[in-house]
Amino acid sequence: PAEIKTVRTFPSWQTLQPAQDTLNLDPVITLLSNAKSNNTTIIGSLHQLAQWATDDQHPNDFPLEDKSTWKSYTSSILQNAHPTISHWDILDSYNLLPRQTATPFHYVELLTIAHQNAQTLTPPPKIGFVLANYDLEFLDSALRDGAAGNFDYISLSPYPAHKESAPQFLTVLPALTALLKKHKVPEIPIHITLTGELDDLTLIAPLASASGFDRIFLQTDPKNLKTISSTVTALKIFPSFSESPSVSIKLGEKNTPDGIYQITPSTTPWDPETKANRLHVTANPPQTITDFLIHPSFLTPETRELEITVTAKRIDSENGLGNPTGIYLNYEATHGPRNASFWAVPGENKWQTHTWKITDANFTSALGWNLRLDASGTGNDILIKEITIKR
């Protein structure tokens, strides 16, 4: 298990082409030579924009000022790395950028150009749709905008990967494949790219493998690979919640999940001053949405009635005192995502609880999450302490 067979890497566009009329392929030649001498396969990653290629109004950001620069660059790179590099991830973590400029439609345009360039080579290299943070909503939008047929596999990057998020691997792949099937995309490989601490990787790597992902990439020191078992199964790692009357998660400096798992804990960072986890409504840029998954053993596909209780506290700010402050509960319902009623968190500077009773739950992870807390549009920051779900 300590042998490295495949590495996902490639120099950035700016590194290889610092100016439009300058293309330096020396780093590519060195990379390909090292891969050959070490008998290692390279998964190429066409990532980051060249500074000179971006719109003056959005420096170093999308959209591109002229898409022909991307066409020329990707054509040159794919040709010069062919056939050594046979798989290319396109624009790593694009979907994490602001949607005002980095839209699914723009991604589809650039993905299509890369795919068209790949088709000019024999055999054509495989083109990968890169998706970060289980953002199946972005994938759904991109497929509606014509992505189907322009990629050969999906590179899924959950950030961050840690023991708390490990159960996601039990739910995401079925939801992802169902979404692809809905858009009539043929069965394709799914790669998963992980980050995280070593102790987390030792659990997540075998769990992801057992869940059916085709390739798993670990961001870790190569010497740590020997600590990762290939035989651990999901059943050995996680208890079943099928007989539990409720599941919960307590947020803290380190979360305590008990059947509910926060997808991205960084969306509610620990605040040392208040000793709680904060939704930064008044930050710049604001961070107002946090997503959760429920352990798949807790609910059956027929479960509709649930009680969802949230414990939270309002933190008044000078700019937001006059504005309503609260949380929407957004959840998977029988007819798609739905907002429950708005909870206006009282301002008495103490922990408050609120329970939503829903009768149309349909927690299938179709968009990569089951429920989310959304404080968009409210005036003050909110501290989140605990979530409990009863059936």
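Just so it is clear, the structure is predicted and the values come from calculations on it, not from any experiment.
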**OP:** Without swapping roles, check the side chain of Trp88 against the backbone of Gly128 for a donor-acceptor pair under 3.5 Å.
**Re:** no
**OP:** To the nearest 0.5 angstrom, please state how far the CZ atom of Phe151 sits from the NZ atom of Lys126.
**Re:** 13.0 Å
Original post:
Hey, quick one: are Trp343 and Tyr328 part of the same hydrophobic cluster, counting side-chain heavy atoms closer than 4.5 Å, chains of contacts allowed?
Top reply: no
Subject >> Joint cluster assignment, Leu64 & Leu16, ILVMFWY side-chain distance < 4.5 Å >> reply: yes
Original post:
Can you check whether Phe298 and Phe241 have ring centres sitting under 6.0 Å from each other?
Top reply: no
Subject >> Aromatic contact, Phe10 with His47 (centres under 6.0 Å) >> reply: no
Subject >> Name of the residue among Thr353, Thr388, Thr355 meeting side chain to side chain donor-acceptor pair (under 3.5 Å) with Thr309 >> reply: Thr355
**OP:** Evaluate the side-chain contact (heavy atoms from CB on, under 4.5 Å) criterion for residues Phe138 and Leu131: first the C-alpha distance (whole Å), next the side-chain angles of each, then the deciding distance (0.1 Å), finally the verdict.
**Re:** CA-CA 8 Å; Phe138 180 90; Leu131 191 68; 3.9 Å; yes
Original post:
Could you state the interatomic distance from NZ (Lys390) to OG (Ser244), rounded to the nearest 0.5 Å?
Top reply: 13.0 Å
Subject >> More than 12 heavy atoms of other groups within 6.0 Å of Phe342 CZ >> reply: yes
**OP:** Examine distances only and state if a side-chain atom of Asn38 and a backbone atom of Thr40 form a donor-acceptor pair shorter than 3.5 Å.
**Re:** no
**OP:** List the atom of Ala53, the atom of Thr69, and the distance in Å for their closest heavy-atom pair.
**Re:** CB-OG1, 3.9 Å
**OP:** Determine whether Ile382 and Ile327 make a side-chain contact, defined as any pair of heavy atoms from C-beta on separated by less than 4.5 Å.
**Re:** yes
Original post:
Taking Ser75 for the side chain and Ser72 for the main chain, is one N or O donor matched with an acceptor at less than 3.5 Å?
Top reply: no
**OP:** Decide yes or no for Ile249 and Glu386: does some side-chain heavy atom of the first lie under 4.5 Å from some side-chain heavy atom of the second?
**Re:** no
For a quick test of your reading: what N or O donor-acceptor pairs under 3.5 Å do the side chains of residues 370-378 make, sequence neighbours left out?
from	atom 1	to	atom 2	distance (Å)
Asn370	OD1	Ile294	N	2.7
Asn370	ND2	Glu332	OE1	3.0
Asn370	ND2	Ser365	OG	3.2
Arg372	NE	Asp291	OD1	2.8
Arg372	NH2	Asp291	OD1	3.4
Arg372	NH2	Asp291	OD2	3.2
Asp374	OD1	Ser376	N	2.8
Asp374	OD1	Ser376	OG	2.5
Ser376	OG	Thr288	OG1	3.1
Thr378	OG1	Ala375	O	2.7

Subject >> Contact list for residues 142-158, test salt bridge (charged side-chain N to carboxylate O under 4.0 Å, His left out), sequence neighbours left out >> reply: Asp140-Arg144
Subject >> Stepwise side-chain contact (heavy atoms from CB on, under 4.5 Å) test for Leu121 and Leu78 >> reply: CA-CA 8 Å; Leu121 303 173; Leu78 266 60; 4.0 Å; yes
Original post:
His115 and Thr112: side-chain donor and acceptor closer than 3.5 Å?
Top reply: no
**OP:** Kindly say whether Val345 contributes a backbone atom to a donor-acceptor pair with the side chain of Gln352 at under 3.5 angstrom?
**Re:** no
Subject >> Distance flag, aromatic centroids of Phe62 and Tyr94, threshold under 6.0 Å >> reply: yes
**OP:** Decide yes or no on side-chain contact (heavy atoms from CB on, under 4.5 Å) for Leu32 and Asn80, but give the supporting numbers first.
**Re:** CA-CA 10 Å; Leu32 299 181; Asn80 281 280; over 6 Å; no
Subject >> Cluster check Trp52, Leu91: I/L/V/M/F/W/Y, side chain < 4.5 angstrom >> reply: yes
Original post:
Below 4.5 Å, heavy atoms only, C-beta onward: do Ile43 and Thr6 meet side chain to side chain?
Top reply: yes
Subject >> Hydrophobic cluster identity match, Ile85 and Ile154, side-chain contacts under 4.5 Å >> reply: yes
**OP:** For the pair Asp92 and Ser157, evaluate side-chain contact (heavy atoms from CB on, under 4.5 Å) and give the outcome as yes or no after the intermediate values.
**Re:** CA-CA 9 Å; Asp92 200 11; Ser157 302; 4.1 Å; yes
Subject >> Least distance between heavy atoms, Pro346 atom then Arg314 atom >> reply: O-CB, 3.6 Å
**OP:** Considering only NZ, NE, NH1 and NH2 on the basic side and carboxylate oxygens on the acidic side, decide whether Arg278 and Asp381 come within less than 4.0 Å.
**Re:** yes
Original post:
Is there a donor-acceptor contact under 3.5 Å from the side chain of Asn277 to the main chain of Gly252?
Top reply: yes
Original post:
Is there side-chain contact between Leu329 and Val310, with heavy atoms separated by less than 4.5 Å?
Top reply: no
**OP:** Output yes when a side-chain donor or acceptor of Asn39 lies under 3.5 Å from a complementary backbone atom of Ala35, and no otherwise.
**Re:** no
**OP:** Assert yes or no for the condition that the ring centre distance of Trp356 to Tyr331 is strictly below 6.0 Å.
**Re:** no
Original post:
Side-chain heavy atoms under 4.5 angstrom apart, residues restricted to Ile, Leu, Val, Met, Phe, Trp, Tyr: same cluster for Leu383 and Ile289?
Top reply: no
Original post:
Sub-3.5 Å donor-acceptor pair from the side chain of His82 to the main-chain atoms of Thr122, do we have one?
Top reply: yes
Original post:
Does any N or O in the side chain of Asn95 come within less than 3.5 Å of the main-chain N or O of Ala132, such that one atom is a donor and the other an acceptor?
Top reply: yes
**OP:** Test Thr334 against Asp360 for side-chain hydrogen bond (donor to acceptor under 3.5 Å, both in side chains), laying out the working first.
**Re:** CA-CA 6 Å; Thr334 50; Asp360 58 349; 4.7 Å; no
**OP:** Measure from the ring center of Tyr153 to the ring center of His191 and say whether it is less than 6.0 Å.
**Re:** yes
**OP:** Assess the pair Trp13 and Tyr73: is the distance between their ring centroids shorter than 6.0 Å?
**Re:** yes
**OP:** Using atom types as modelled and distance alone, determine if a side-chain donor or acceptor of Ser12 lies under 3.5 Å from a backbone N or O of Thr15.
**Re:** yes
Original post:
Any donor-acceptor pair under 3.5 Å linking the side chain of Thr22 with the backbone of Pro18?
Top reply: no
